[in-house]
S.K.: 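Sharing a structure below in structure tokens format, with a few things to ask.
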Amino acid sequence: MMNTLLELSGVSVSFDGFKAINNLSFQIGEPELRAIIGPNGAGKTTFMDIITGKTRPDEGRVIWGEKSVSLLKLSESQIARAGIGRKFQKPTVFEAQTVRENLAMALKNERSPFSVLFYRKTKEGAEKIEALAEEIGLTDELTRVAGELSHGQKQWLEIGMLLAQDPRLLLVDEPAAGMTPAEREHTTDLLRRAAETRAVVVVEHDMEFVRRLDCRVTVLHEGSVLAEGSLEHVTANQDVIDVYLGR
Amino acid sequence: MKRKSFVAENPSILWFLAALALFTIFVTAMSEAAGIGVVSTSFIKTLGKTLCLCLIAVAMDIVWGYCGILSLGHFAFFGLGGYAIGMWLMYARTEIIVTESLSAAAIPPTPEEIHDAVATQIFGVVGTNEFPLIWAFADSLFMQLAFVILVPGLLALVFGWLAFRSRVTGVYLSILTQAMTLALSLYLFQNDSGLRGNNGLSGLQNIPYLGDVPQSMISIAFFWASALALALGYVLCAYVVSGKMGSVIRGIRDNESRVRFLGYHVESYKLFVFTLTAVIAAIAGALYYPQAGIINPAEIAPIASIYLAVWVAIGGRGRLYGAVIGAAFVSLLSSWFTGGGAPSIPLGFYTIQWTDWWLVLLGLSFVAVTLLAPQGIGGLFDLIGKKSKSEGAK
Amino acid sequence: MLRATLLVIAFCLALPAQMATAQDSPLQTLLQSQAGEVAKPGRRSVGVVIDALVAETPEGTALFLERWQNKGVFLNETDGLFYYAQKSGDGYELFDIATDTPVGTATKDELTEIRPNGGVRRVIGGALVQFQLSDPDKERRTAALDAILRSPDASQIEPLRASIEGEPDNALRARKERLANLLTARFGASTDDRITAINALSGTIDVDSRAALNQILTKSASVAPELPQDANIARVLTVGEDISQQDAYAQLVDAGLAPERQTADTIKARLSDNIVDGRVGGIPVGQLSSEENRERAYAALAQAGTVPPLVTDETVQAAIATHAFFETYAESDAVITTAAETALSEVEARVARNQIFDVSLDAISLASIYFLAAIGLAITFGVMGVINMAHGEFIMMGAYTGYVVQQIIPDYTLSLVVALPLAFAVTFAAGVAMERLVIRWLYHRPLETLLATFGISIALQQLAKNIFGTQARPLTSPGWLDGAWVINDVVQIANIRIAIFVLALIFLGLILFVLNKTRLGLEVRAVTQNPGMAASMGINPDRINMLTFGLGSGIAGIAGVAIGLYAKVTSEMGADYIVQSFMTVVVGGVGNVWGTLAGATLIGGLQKGIEWFNPSNTLAAQTYMILFIILFIQFRPRGIVALKGRAAGD
């Protein structure tokens with residue numbers, strides 16, 4: 001078994017009495033590709049919010065990396081700098097800026113205001129951007145404004161921005177939503193390649209897409225883990241069947 | 001490659017600097033100081049003041065147009081800059097006058113007597129004859145110049161740190177900044193604020209030790225200083241919003257949390273922008289009020305900062321020249337209308353006096369700009385630019 | 001002949017009879033015994049007459065004193081008697097002073113009007129009071145009590161006590177008792193009496209009792225080489241703590257115990273008086289621009305005996321060290337002053353408690369105003385996420401509507417009844433128009449909405465200025481709203497503020513009802529929480545937004561009428577309330593009526609609280625309040641009543 005990169009244990013959070021996450025425990029190693037599925041309201045987005053520091057849990061621990069740092073003490077930007085990248089459900093790229101600017105902003109570099117203010121473009125940086133654009137298939141679009149891209153291209157650009165951050169853990173929320181079948185295939189390839197060197201967590205509704213990822217699956221239900229294992233294993237689980245079909 | 005690329009990527013900077021230089025030289029040549037006098041000294045002052053307003057508008061454009069923080073409090077910094085320099089101007093000039101009058105006595109005055117007499121002269125109007133603590137360095141031009149930057153800078157830093165730290169954004173932040181400027185102006189309205197209450201500081205147009213220099217020359221000097229400050233401020237702001245810094249702050253404007261998840265500490269960036277623009281605003285204020293001659297707390301009432309936003313919006317935010325155009329256009333137009341320059345319109349049953357109706361027109365045209373032309377006047381330039389580009393492509 | 005004889009007899013009988021009544025009345029007799037003093041009274045000497053009158057109180061004394069005071073008494077030179085007189089025809093009709101019945105006539109030359117001077121009239125007035133205390137007319141009795149209160153003295157105690165027994169009016173009797181007690185406390189004959197009275201005062205709260213206690217405790221600052229043994233010393237002052245060195249020395253100078261200290265100005269004046277050949281005391285004038293050289297020059301002059309020696313810091317300190325500074329009571333009996341101090345501190349504690357209560361009432365009324373001003377804003381902000389900078393101008397429109405209605409309907413009550421719904425209608429329409437024309441195009445661009453509505457705000461403000469002028473317009477409240485509800489001397493609240501409080505309560509109830517119990521409220525809440533879902537369920541968000549905005553604006557109009565009733569109506573009145581309204585909404589928390597209520601209470605309470613600590617300076621109060629709010633936002637960025645969780649969103 002590989003090293004554990006991220007570990008959540010006994011995490012709970014509630015909003016106005018509603019338990020969004022209930023005593024959830026979860027771990028992922030590096031490298032690994034993991035899919036998280038679950039019905040609406042299972043707590044998938046809140047789960048990501050907790051890891052990325054947007055939501056603070058009421059109880060529980062979130063431990064990161066070899067040095068076992070608690071993420072609960074870090075701010076969102078510190079967590080991102082620690083090596084966790086997040087892709088939102090809706091494509092969120094900077095629509096008013098060019099693809100190159102989007103990627104350049106995400107590029108792993110010093111993040112303090114003064115080093116950014118006096119930042120000089122470098123050859124390595126430019127090469128890295130070219131390589132990323134190649135990877136996500138947007139080489140020809142580098143000078144275009146991101147707002148002009150198609151929905152699928154925006155999703156890829158966002159994944160490209162994640163990769164530019166060079167994170168150790170990627171959290172990807174419904175990357176295939178609204179994509180054509182061809183685009184899905186490209187997205188699947190992207191994610192699988194990314195998962196060769198890092199941990200990737202994909203939250204997805206679409207079973208077909210999950211099947212194509214061909215990875216370990218965690219099923220969330222009412223804020224805790226219902227089942228975990230290969231897709232075949234979890235789809236055979238009676239609880240999972242009840243949750244998905246019983247309602 | 002780097003420095004060249006900054007100007008090369010932003011040719012509009014050169015255009016702007018050239019236009020500003022031409023304008024400055026032209027106005028100087030036509031001034032009374034040059035012996036021609038087509039442009040009166042008072043109008044030179046108006047133009048000089050307008051340049052200062054353009055400078056604060058540029059600062060406002062950075063903070064609002066680029067970074068998305070609609071600050072309704074930047075005139076507070078402008079005013080504080082004016083107060084800081086005004087303290088020295090008033091102290092030094094009063095000291096000269098007082099020394100002269102005391103010297104007429106049989107026995108020469110002591111430094112304490114002069115100090116007390118200056119205090120009586122300045123603060124008699126608010127019923128005290130002692131210097132408040134904040135005037136401790138009023139006799140030092142150097143210290144007061146430092147305060148022009150330090151006081152507003154520090155205020156912006158502390159206020160910004162508090163506000164951004166607690167993630168106050170959007171309209172909440174706007175209202176909070178408005179509250180800040182309201183609190184400051186209310187405080188200054190008190191007689192025991194140490195800054196002469198609602199009397200404010202006056203006689204600032206008389207520069208100490210330059211009593212023999214005619215106002216026409218002084219006005220030209222301040223006009224040049226204002227133009228220089230605007231040029232430097234413009235280049236500095238253009239540098240900030242170009243390149244990666246510009247990319248990040250525009251990112252913050254469009255999607256703050258995305259920037260945060262990219263690992264940028266958004267609060268630091270906002271604080272940087274807020275404080276930088278506060279300092280620019282303060283410098284603009286320090287140049288403005290010696291030309292205006294008087295500063296009082298009404299100058300930093302919340303309405304002033306809202307007008308600032310209006311100028312930037314009408315000029316077109318998110319482009320620095322737009323801010324300059326907006327500030328110059330609206331403030332000059334405003335003084336034309338309110339100064340009685342615009343002809344009245346007789347409607348038979350009613351005559352439209354522009355002094356009464358200008359604000360109605362401004363308010364409504366502001367609504368119109370927001371609704372119909374969110375890009376403002378600057379948007380017109382974009383259209384022309386696009387057209388020529390697409391024509392060039394053909 | 002017989003007839004003539006009879007007539008003569010009758011006359012002879014009648015005339016002496018009349019003269020006899022005048023001469024024989026005890027009053028006339030008494031006055032005749034002091035005739036000179038009565039005719040030409042002097043302030044010091046008139047006491048004899050009055051004492052005699054008061055002691056015997058012959059019939060008609062009260063009326064006589066009153067007429068005497070008011071120059072209504074005449075001396076008839078022919079018979080030397082005193083009469084009241086009334087001009088009739090060429091002469092005067094005379095009235096008997098004891099019975100006030102007509103007794104004959106006299107010519108103008110025969111009569112001398114007695115004109116006591118002001119001092120005498122006061123003395124007469126003092127004596128008169130005790131007669132008026134038992135006057136059948138209640139108003140005169142009340143006036144008499146007022147007169148005693150104005151200039152209390154020991155002699156009034158007895159008559160006042162005497163009049164309590166027969167006092168028919170309960171309230172007045174209570175007042176008399178209080179006053180008698182007050183007088184006893186100050187002027188009572190025995191120490192025991194006074195202590196009893198003082199102890200009774202400790203249970204009161206009114207201004208008069210406090211004044212009386214303070215009178216008993218009147219202190220004066222003194223200085224002496226030694227603390228006197230016989231004086232009733234209030235406290236010994238420590239120089240440097242209780243009294244500044246400067247003031248202490250000034251006291252010494254005033255008491256003639258030390259020479260006056262030379263000021264910088266007097267030194268300078270002495271120096272300039274003694275310039276000899278461009279030198280003072282051997283020092284060239286040009287060098288006198290420092291304190292040090294001036295002192296040297298002055299010392300040289302003092303040495304030569306030209307000027308008094310300089311009082312230096314050392315002499316001042318030495319003088320102070322050898323004297324005791326203290327405060328003495330004017331009242332010499334320490335037992336009484338101690339009792340009075342205790343009573344006063346009890347009264348003051350009670351006053352402080354009542355003041356807190358009074359400030360709370362003030363705070364509640366201010367909070368009601370803020371609530372009324374802010375609730376409309378809170379609704380539009382909460383439901384639509386729209387900041388309406390023109391909200392203040394809607395308040396102003398409401399107030400001007402009230403003003404215009406009053407110009408048409410002169411009856412203030414009726415005009416108010418018309419103005420309230422009309423103001424709602426006018427601002428509702430204005431709000432709907434604004435929503436349709438401007439706001440609806442700017443949803444999802446909140447900052448631009450803020451600015452666009454600001455544009456409307458300045459246009460409306462200037463428009464109002466053009467129509468109604470710059471001076472304040474009155475919005476007069478009906479008579480029944482004037483005056484105040486007085487609980488005691490400390491606690492009172494204006495009726496108009498009570499009315500505004502009631503109005504705020506009504507609106508709180510109304511809004512809660514509309515939002516929670518009606519179809520419109522349901523739809524509004526649906527749109528607030530999820531506009532997309534609401535639309536798919538057949539709710540027209542456009543219509544809801546329009547109605548919500550209209551409702552918010554309409555309430556602003558009503559708030560305007562209410563505010564106009566107690567503040568001035570100007571084109572800028574909206575601007576005065578807009579920032580406070582925003583604060584209220586922000587502090588309270590968006591999208592919640594209770595939040596607005598909490599915000600208004602907090603801000604109103606805070607403002608009044610700060611004003612209480614620093615009553616002279618309302619500007620400072622506002623400054624500190626805003627600073628507090630900025631800090632408050634740090635700890636509760638989403639206000640007091642905050643929505644939590646994902647619904648709160650970004």
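Labels below follow one simple rule: chain letters A, B, ... track the order of the sequence lines, proteins then strands, and each chain is numbered from 1.
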S.K.: Could you check which of B:Pro108, B:Gly363, B:Ala183 has the highest count of heavy-atom pairs closer than 4.5 Å to chain C?
M.R.: B:Pro108
S.K.: Between CG of C:Leu447 and CD1 of B:Ile69, what distance do you get to the nearest 0.5 Å?
M.R.: 10.5 Å
S.K.: A side-chain contact here means heavy atoms from C-beta on lying under 4.5 Å apart; do C:Leu627 and B:Tyr187 qualify?
M.R.: no
S.K.: With rounding to the nearest 0.5 Å, note down the distance linking NZ in C:Lys268 to CD1 in B:Ile107.
M.R.: 7.0 Å
S.K.: When rounded to the nearest 0.5 angstrom, what is the spacing between OG1 in C:Thr623 and CG in B:Leu182?
M.R.: 8.0 Å
S.K.: Which atoms of B:Arg167 come close to chain C, meaning under 4.5 Å heavy atom to heavy atom: side chain ones, backbone ones, both, or neither?
M.R.: neither
S.K.: Looking at B:Val168, B:Val310, B:Val360, which makes the most heavy-atom pairs under 4.5 Å with chain C?
M.R.: B:Val360
S.K.: Assess whether salt bridge (Lys or Arg N to Asp or Glu O under 4.0 Å) is satisfied between C:Arg294 and B:Glu113, documenting all intermediate values.
M.R.: CA-CA 12 Å; C:Arg294 284 189 186 180; B:Glu113 275 177 330; 2.9 Å; yes
S.K.: Find out whether C:Ile630 and B:Met180 are in side-chain contact, i.e. whether some heavy atom of one side chain is under 4.5 Å from a heavy atom of the other.
M.R.: yes
S.K.: When rounded to the nearest 0.5 angstrom, what is the spacing between CD1 in C:Ile458 and CG in B:Leu362?
M.R.: 4.5 Å
S.K.: Which region of C:Leu451, side chain (C-beta onward) or backbone (N, CA, C, O), has a non-hydrogen atom less than 4.5 Å from a non-hydrogen atom of chain B, or is it both or neither?
M.R.: both
S.K.: Nearest 0.5 angstrom please: B:Ile114 CD1 to C:Ser289 OG, how far?
M.R.: 8.5 Å
S.K.: Would the number of heavy atoms belonging to other residues, nucleotides or ligands and lying under 6.0 Å from CD of B:Glu130 be above 12?
M.R.: no
S.K.: Examine whether an atom of B:Leu72 lies under 4.5 Å from a heavy atom of chain C, and if so say whether it belongs to the side chain, the backbone or both; otherwise answer neither.
M.R.: side chain
S.K.: Most heavy-atom pairs under 4.5 angstrom with chain C, which of B:Asp356, B:Val367, B:Leu359, B:Leu361?
M.R.: B:Asp356
S.K.: Might you confirm whether atom CZ of C:Phe468 has over 12 heavy atoms from other residues, nucleotides or ligands at distances under 6.0 Å?
M.R.: yes
S.K.: Check each atom of C:Leu631 against the heavy atoms of chain B and say whether the ones under 4.5 Å are side chain, backbone, both or neither.
M.R.: side chain
S.K.: With a 4.5 angstrom heavy-atom cut-off, is it the side chain or the backbone of C:Leu450 that approaches chain B, or both, or neither?
M.R.: side chain
S.K.: If the condition is salt bridge (Lys or Arg N to Asp or Glu O under 4.0 Å), which residues does B:Arg260 pass it with, not counting sequence neighbours?
M.R.: B:Glu256, B:Glu267
S.K.: If we define contacts as heavy-atom pairs under 4.5 Å, which of C:Ile275, C:Val285, C:Thr453 has the most with chain B?
M.R.: C:Val285
S.K.: Answer with side chain, backbone, both or neither: which region of C:Ser290 has an atom nearer than 4.5 Å to a non-hydrogen atom of chain B?
M.R.: backbone
S.K.: What part of B:Trp358 gets closer than 4.5 Å to chain C, counting heavy atoms only: side chain, backbone, both or neither?
M.R.: neither
S.K.: Which residue is it: B:Thr181, B:Leu176, B:Leu186? I am looking for the one with a side-chain contact (heavy atoms from CB on, under 4.5 Å) to C:Ile626.
M.R.: B:Leu186
S.K.: Kindly assign one of parallel, tilted or perpendicular to the pair B:Tyr307 and C:Phe454, based on the angle between their ring planes and the thresholds 30° and 60°.
M.R.: perpendicular
S.K.: Less than 4.5 Å to any heavy atom of chain B: does that hold for the side chain of C:Lys465, its backbone, both, or neither?
M.R.: neither
S.K.: Just checking C:Gln471: does its CD atom have more than 12 heavy atoms from other residues, nucleotides or ligands closer to it than 6.0 angstrom?
M.R.: yes
S.K.: Quick one: what part of B:Tyr172 sits under 4.5 Å from any heavy atom of chain C, side chain, backbone, both or neither?
M.R.: side chain
S.K.: Checking heavy atoms, do the side chain of C:Met389, its backbone, both or neither come under 4.5 Å from chain B?
M.R.: side chain
S.K.: Counting only non-hydrogen atoms closer than 4.5 Å, does B:Asn191 touch chain C with its backbone (N, CA, C, O), its side chain (CB onward), both, or neither?
M.R.: neither
S.K.: With a 4.5 angstrom heavy-atom cut-off, is it the side chain or the backbone of B:Gln190 that approaches chain C, or both, or neither?
M.R.: both
S.K.: Under the salt bridge (Lys or Arg N to Asp or Glu O under 4.0 Å) rule, collect the residues that match up with C:Asp265, sequence neighbours excluded.
M.R.: none
S.K.: Are any of the side-chain heavy atoms of B:Thr370 and C:Arg445 separated by less than 4.5 Å?
M.R.: no
S.K.: Is there side-chain contact between B:Ile175 and C:Val585, with at least one heavy-atom pair below 4.5 Å?
M.R.: no
S.K.: When you look at CG of C:Asp277, are more than 12 heavy atoms from neighbouring residues, nucleotides or ligands closer to it than 6.0 Å?
M.R.: no
S.K.: Does any heavy atom of chain C fall under 4.5 Å from the side chain of B:Val171, the backbone, both, or neither of them?
M.R.: both
S.K.: Heavy-atom distances under 4.5 Å only: say whether C:Leu271 touches chain B with side chain, backbone, both or neither.
M.R.: both
